[in-house]
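Below: one structure, written as structure tokens.
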Amino acid sequence: MSCVKRTQIIAGNWKMYKTPREACEYLAQFVPQVVDHPEPVYLAVPAVSLLSAVEATKGTNVYIGAQNMHEAESGAFTGEISASMIADCGAHFVLLGHSERRHLYGEEDTLVNRKVRRALEAKLQPVVCIGETQEQRKANQTAEVLKHQLQGSLAELSAEQLSCCVIAYEPVWAIGTGQTATPEIAQETHSLIRSFLASHWGKDLAEKIVLQYGGSVKPDTASALMAQIDIDGLLVGGASLSVDSFVQIVHHTALISGN
Ligand code: PGA
């Protein structure tokens, strides 16, 4: 089978860590160490650091994104930020449907879907996160849960719209727990996700979509995960907070793509 070469995207997610000053210090060290990486590197930073992070990475292969956004274009939503505000900062992407948003803030697939559409309208790349809980995996519901999340979060997207999205598979049981999925489990699940995409949008398009794995990725687990045929990138939380470990992850995965 001949596969189209997909981009390889390593992404960091800082969550609610790092002040704007710390973000600048981090980027001043980080960017020079990854500028020679042949593929894009993404960093999802807190909203207050978007503008300065974009400035600090301008003209490089490091792309800045937000971790969430509101689904409306604008309005009386105190404390929220919109897709166009994120885009106006010069950001490239936005994480949507992260499990912390789903579980701590009750975000459901229909809301994630509205956010995906709004992000696309604002020319932001949605990184759509899905993943099953430990209980769901134990009850053999993984395939069903992921299918449901994909169906809901990506509902009615055209092929062109889907082709702009990245899908991040992050099993909830692996996030922040130190319990990374084995490369075999991750590959099996990624392949399931790609088959689902193929059944809805066709095989050609499904082969082009970048699928990331996330959940306790560390420098010593990154390469084996990236060597899997359907894993095109990583979404890294805790290990992206230290320049050294995130640089190691980026370097370890250079040109290892399994596809
Ligand atoms: P983790 O987080 O790498 O700390 O498990 C991943 C994520 O939540 O995106």
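One-based numbering, in listed order, for ligands and for the atoms of each.
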What do you reckon, does [X] put a non-hydrogen atom under 4.0 Å from ligand 1?
| X | value |
| --- | --- |
| Ala168 | no |
| Gly214 | no |
| Ala239 | no |

[atom]: which protein heavy atom is closest, and how many Å away?
| atom | result |
| --- | --- |
| atom 3 (O) of ligand 1 | Gly237 N, 2.9 Å |
| atom 4 (O) of ligand 1 | Gly238 N, 2.8 Å |
| atom 9 (O) of ligand 1 | Glu170 OE2, 2.7 Å |

Is there a nitrogen or oxygen of Ile175 sitting under 3.5 Å from a nitrogen or oxygen of ligand 1?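 By distance alone, the answer is no.
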
Just distances here: any N/O of Ser216 and N/O of ligand 1 closer than 3.5 Å?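 For ligand 1, there is an N or O atom that lies under 3.5 Å from one belonging to Ser216.
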
Using a strict threshold of under 4.0 Å (side-chain N to carboxylate O), is an ion pair present between [Y] and [X]?
| X | Y | result |
| --- | --- | --- |
| Glu121 | Arg117 | no |
| Lys58 | Glu55 | yes |
| Arg102 | Glu108 | no |

Can you list, by chain and residue number, the hydrophobic cluster partners of Phe93 when the side-chain cut-off is 4.5 Å?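 Result for Phe93 is Ile9, Tyr42, Tyr63, Leu95, Val127, Val166, Val210, Leu235.
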
So Phe30 and Phe246, would you call those rings parallel, tilted or perpendicular, with 30° and 60° as cut-offs?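 It falls in the parallel class, under 30°.
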
Side-chain donor-acceptor pair under 3.5 Å between Arg137 and Thr189, yes or no?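 Arg137 vs Thr189: donor-acceptor pair found between side chains.
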
Residue pair Asp109 / Gln149, side-chain donor-acceptor N/O under 3.5 Å: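 Result is no, nothing qualifies.
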
Using a strict 4.0 Å cut-off to heavy atoms of [X], name the atoms of ligand 1 that fall inside it.
| X | value |
| --- | --- |
| Gly215 | 5 (O) |
| Lys15 | 2 (O), 7 (C), 8 (O) |
| His98 | 7 (C), 8 (O), 9 (O) |
| Ala174 | 5 (O) |
| Asn13 | 9 (O) |

Pairwise side-chain hydrogen bond (donor to acceptor under 3.5 Å, both in side chains) hits with a residue in residues 233-246, at least two apart: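 Every side-chain hydrogen bond (donor to acceptor under 3.5 Å, both in side chains) pair that includes a residue of residues 233-246, provided the two are not neighbours, is Ser242-Ser245.
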
Kindly compute the distance separating CD1 (Ile249) from CE (Met226), expressed to the nearest 0.5 Å.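 One finds 11.0 Å between CD1 of Ile249 and CE of Met226.
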
